[in-house]
Peer 1: 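First the structure, then my questions, so here it is.
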Amino acid sequence: MATHFYTASSLDGYLATPDNSLEWLFKQHFDMQGPMAYTEFIKRIGTLVMGRSTYQWLLDHSDVWEYAQPTWVFTHKELKHPTGADIRFVQGDIGAIFPRIQKAAGDKDIWIVGGGVLAVQFAQAGLLDELWVQFAPVTLGSGKPLFPREQQFELLETVRNQDFVCAHFKLAHQRTMH
Ligand SMILES: NC(=O)c1ccc[n+]([C@@H]2O[C@H](COP(=O)([O-])OP(=O)(O)OC[C@H]3O[C@@H](n4cnc5c(N)ncnc54)[C@H](OP(=O)(O)O)[C@@H]3O)[C@@H](O)[C@H]2O)c1
């Protein structure tokens, strides 16, 4: 059982523009069945975790909620809840909430969908194991950061998937919990 931050990023380390646009990302070509692609990755995932902006982006850009797994949304706000989706709104200390997230994952893994500030909170709590980044061949100059803190990683694998350089890392620390 492991916690993964799996995401695409610009070359200069942004997940989205300052106004949360992903237009730059969807201009690129990516083979969903190819190496390090989502289709294979999602099979190992028992529960998803995301921050309010990521959740809001998904609500604004999809007609249906596509995830069958329970989804934990970190927020201080009252947000819409798509019919039939298993959404659990939470806030505060990651370490305190993590046992519930872990239980929801069952014998599968946890996917931190984004953003980077939330992933950093998991790392700070010693609860992030792996980072997977698909780097798009574009710089943004500013935006929502991939991982806004100093952190040492160990590179496990790199591969090309069409326009993207995909890199898989593990965090260079011993896990402190579970
Ligand atoms: N490139 C990609 O593949 C990719 C992947 C994922 C996301 N994205 C995009 O990247 C952007 C990420 O946005 P973002 O950096 O602003 O991150 P975010 O994590 O999606 O949202 C940040 C918000 O999450 C809430 N939050 C975070 N930690 C919390 C905690 N411990 N307790 C309670 N609430 C907490 C806060 O919302 P409140 O204001 O409610 O307190 C905070 O303002 C989005 O536009 C998203 O769509 C891109």
Side-chain angles (χ1 to χ4, degrees), residues 3-32 34-42 45 47-63 65-67 69 71-82 85 87-102 110-128 130-149 151 161-169 177:
T3 305
H4 308 269
F5 181 27
Y6 176 96
T7 185
S9 170
S10 70
L11 272 188
D12 52 348
Y14 295 107
L15 300 180
T17 63
D19 60 353
N20 290 312
S21 171
L22 294 179
E23 264 180 54
W24 56 276
L25 182 59
F26 293 110
K27 283 181 187 157
Q28 318 298 330
H29 298 100
F30 186 73
D31 177 2
M32 282 299 218
M36 284 198 215
Y38 171 82
T39 311
E40 203 50 42
F41 174 77
I42 194 71
I45 297 303
T47 196
L48 284 66
V49 181
M50 61 187 71
R52 189 211 5 117
S53 306
T54 300
Y55 177 67
Q56 195 62 58
W57 190 94
L58 287 167
L59 289 188
D60 293 347
H61 292 84
S62 2
D63 296 330
W65 186 255
E66 67 173 283
Y67 304 106
Q69 300 93 330
T71 298
W72 301 82
V73 177
F74 279 82
T75 184
H76 297 97
K77 295 192 166 53
E78 291 267 324
L79 301 172
K80 278 197 299 184
H81 185 149
I87 309 289
R88 303 166 185 200
F89 297 110
V90 285
Q91 59 181 254
D93 180 53
I94 303 294
I97 297 161
F98 190 77
R100 289 156 61 197
I101 298 176
Q102 188 177 26
I110 298 166
W111 175 21
I112 300 171
V113 185
V117 173
L118 185 63
V120 161
Q121 292 174 60
F122 276 78
Q124 283 169 333
L127 295 168
L128 180 63
E130 298 184 24
L131 170 67
W132 307 65
V133 189
Q134 299 91 46
F135 286 103
V138 53
T139 55
L140 298 177
S142 62
K144 302 299 168 86
L146 169 65
F147 204 85
R149 86 150 180 171
Q151 173 72 51
N161 182 320
Q162 295 191 338
D163 289 339
F164 291 78
V165 174
C166 306
H168 179 197
F169 307 87
M177 295 178 67

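All ligand and atom numbering here is 1-based and tracks the order in the structure. Keep in mind that what you see is a predicted model, and the values were worked out from it rather than measured.
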Peer 1: Hey, is Val117 one of the residues with a heavy atom under 4.0 angstrom from ligand 1?
Peer 2: no
Peer 1: Just so I know, are the side chains of Phe5 and Val120 near enough to count as touching, which here means a heavy-atom distance under 4.5 Å?
Peer 2: no
Peer 1: Before signing off on this row, confirm whether Lys77 and ligand 1 have an N or O atom pair separated by under 3.5 Å.
Peer 2: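 So ligand 1 has an N or O lying under 3.5 Å from an N or O of Lys77.
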Peer 1: Is there a side-chain contact between Gln134 and Asn161 (heavy atoms, below 4.5 Å)?
Peer 2: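 The answer is no; the side chains never approach within 4.5 Å.
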Peer 1: Tell me, do Leu118 and Ile94 make a side-chain contact under 4.5 Å, heavy atoms counted?
Peer 2: yes
Peer 1: Against His168, only a single residue in Phe135, Tyr6, Trp132 fulfils ring pair (Phe, Tyr, Trp, His ring centres under 6.0 Å); can you say which?
Peer 2: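 With His168 as partner, Phe135, Tyr6, Trp132 yield a single ring pair (Phe, Tyr, Trp, His ring centres under 6.0 Å), made by Trp132.
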Peer 1: Tell me yes or no: between the side chains of Ser10 and Asp12, is some donor less than 3.5 Å from an acceptor?
Peer 2: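 Indeed, the side chains of Ser10 and Asp12 share at least one donor-acceptor pair under 3.5 Å.
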Peer 1: What orientation do Trp65 and Tyr67 show, parallel under 30°, tilted 30 to 60°, or perpendicular over 60°?
Peer 2: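 Aromatic pair Trp65/Tyr67 classed perpendicular.
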Peer 1: Would you indicate whether His61, at its atom NE2, is surrounded by more than 12 heavy atoms from other residues, nucleotides or ligands within a distance under 6.0 Å?
Peer 2: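 Counting neighbours around NE2 of His61, more than 12 heavy atoms of other residues, nucleotides or ligands fall under 6.0 Å, so yes.
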Peer 1: Do any N/O atoms on Gly115 end up under 3.5 angstrom from N/O atoms on ligand 1?
Peer 2: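 By distance alone, the answer is yes.
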Peer 1: Report yes if Pro145 has an N/O atom closer than 3.5 Å to an N/O atom of ligand 1; otherwise report no.
Peer 2: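 Among all N and O atoms of Pro145, none is under 3.5 Å from an N or O of ligand 1.
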Peer 1: Using a 4.5 Å cut-off on heavy atoms from C-beta on, say whether the side chain of Val90 contacts that of Arg100.
Peer 2: yes
Peer 1: Could you tell me the residue and atom name of the protein heavy atom closest to atom 5 (C) of ligand 1, and the distance to it rounded to 0.1 Å?
Peer 2: Thr7 OG1, 3.3 Å
Peer 1: May I ask you to identify, for Met50, whether its side chain, its backbone, both or neither come under 4.0 Å of ligand 1 on a heavy-atom basis?
Peer 2: neither
Peer 1: Considering heavy atoms of the protein only, find what lies nearest to atom 6 (C) of ligand 1 and give residue, atom and distance to 0.1 Å.
Peer 2: Val113 O, 3.0 Å
Peer 1: Do Lys27 and Val138 come within less than 4.5 Å of each other through their side chains, counting heavy atoms only?
Peer 2: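 They are not in side-chain contact.
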Peer 1: Just jot down the ligand 1 atoms closer than 4.0 angstrom to any heavy atom of Gln91, in number order.
Peer 2: 32 (N), 33 (C)
Peer 1: Do you see a donor-acceptor pair shorter than 3.5 Å between the side chains of Thr47 and Trp72?
Peer 2: yes
Peer 1: Which of the atoms in ligand 1, numbered in the order shown and given with their element, are less than 4.0 Å from a heavy-atom of Gly51?
Peer 2: 18 (P), 19 (O), 20 (O), 21 (O), 24 (O)
Peer 1: Please tell me if the side chains of Tyr55 and Phe89 come closer than 4.5 Å, counting only heavy atoms from C-beta onward.
Peer 2: yes
Peer 1: Who's closest to atom 34 (N) of ligand 1 heavy-atom-wise, of Leu15, Thr75, Val73, Ile112?
Peer 2: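 Closest candidate by heavy-atom distance is Thr75.
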Peer 1: At less than 4.0 angstrom from any non-hydrogen atom of His76, what atoms of ligand 1 do you find?
Peer 2: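 Here the atoms of ligand 1 in question are 32 (N), 33 (C), 34 (N), 38 (P), 40 (O), 41 (O).
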Peer 1: Can you tell which of Pro18, Ala16, Ala136, Gly143 gets a heavy atom nearest to atom 9 (C) of ligand 1?
Peer 2: Ala16
Peer 1: Return the closest protein heavy atom for atom 32 (N) of ligand 1 as residue, atom name and distance.
Peer 2: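 So the nearest neighbour among protein heavy atoms is Gly92 N, 3.0 Å.
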Peer 1: What part of Phe74 sits under 4.0 Å from ligand 1 if we count only heavy atoms: the side chain, the backbone, both or neither?
Peer 2: both
Peer 1: Which residue holds the protein heavy atom closest to atom 15 (O) of ligand 1, what is that atom called, and what is the gap in Å?
Peer 2: Lys144 CB, 3.7 Å
Peer 1: Quick test: of every protein heavy atom, which one is nearest to atom 38 (P) of ligand 1, and how far off is it to 0.1 Å?
Peer 2: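 Protein heavy atom at minimum distance: Arg52 NE, 3.4 Å.
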Peer 1: Measure the distance from atom 27 (C) of ligand 1 to every protein heavy atom, then report the residue, atom name and distance (to 0.1 Å) of the closest one.
Peer 2: Gln121 NE2, 3.8 Å
Peer 1: Determine if the distance from atom 42 (C) of ligand 1 to the closest protein heavy atom is below 4.0 Å.
Peer 2: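 There is no protein heavy atom less than 4.0 Å from atom 42 (C) of ligand 1.
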Peer 1: Ring pair (Phe, Tyr, Trp, His ring centres under 6.0 Å) with His4: which of Phe41, Phe122, Phe169?
Peer 2: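 Per the ring pair (Phe, Tyr, Trp, His ring centres under 6.0 Å) rule, the option paired with His4 is Phe41, out of Phe41, Phe122, Phe169.
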Peer 1: Kindly check if the number of other-residue, nucleotide or ligand heavy atoms within 6.0 Å of CD (Glu40) is above 12?
Peer 2: no
Peer 1: Just to confirm my output: which protein heavy-atom neighbour is closest to atom 7 (C) of ligand 1, and how far is it?
Peer 2: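 Minimum-distance protein heavy atom for atom 7 (C) of ligand 1 reads Thr54 OG1, 3.3 Å.
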Peer 1: Counting heavy atoms only, which of Val49, Asn20, Asp19 is nearest atom 45 (O) of ligand 1?
Peer 2: Asn20
Peer 1: What's the shortest distance from atom 22 (C) of ligand 1 to any protein heavy atom, and which residue and atom give it?
Peer 2: Ser53 OG, 3.8 Å
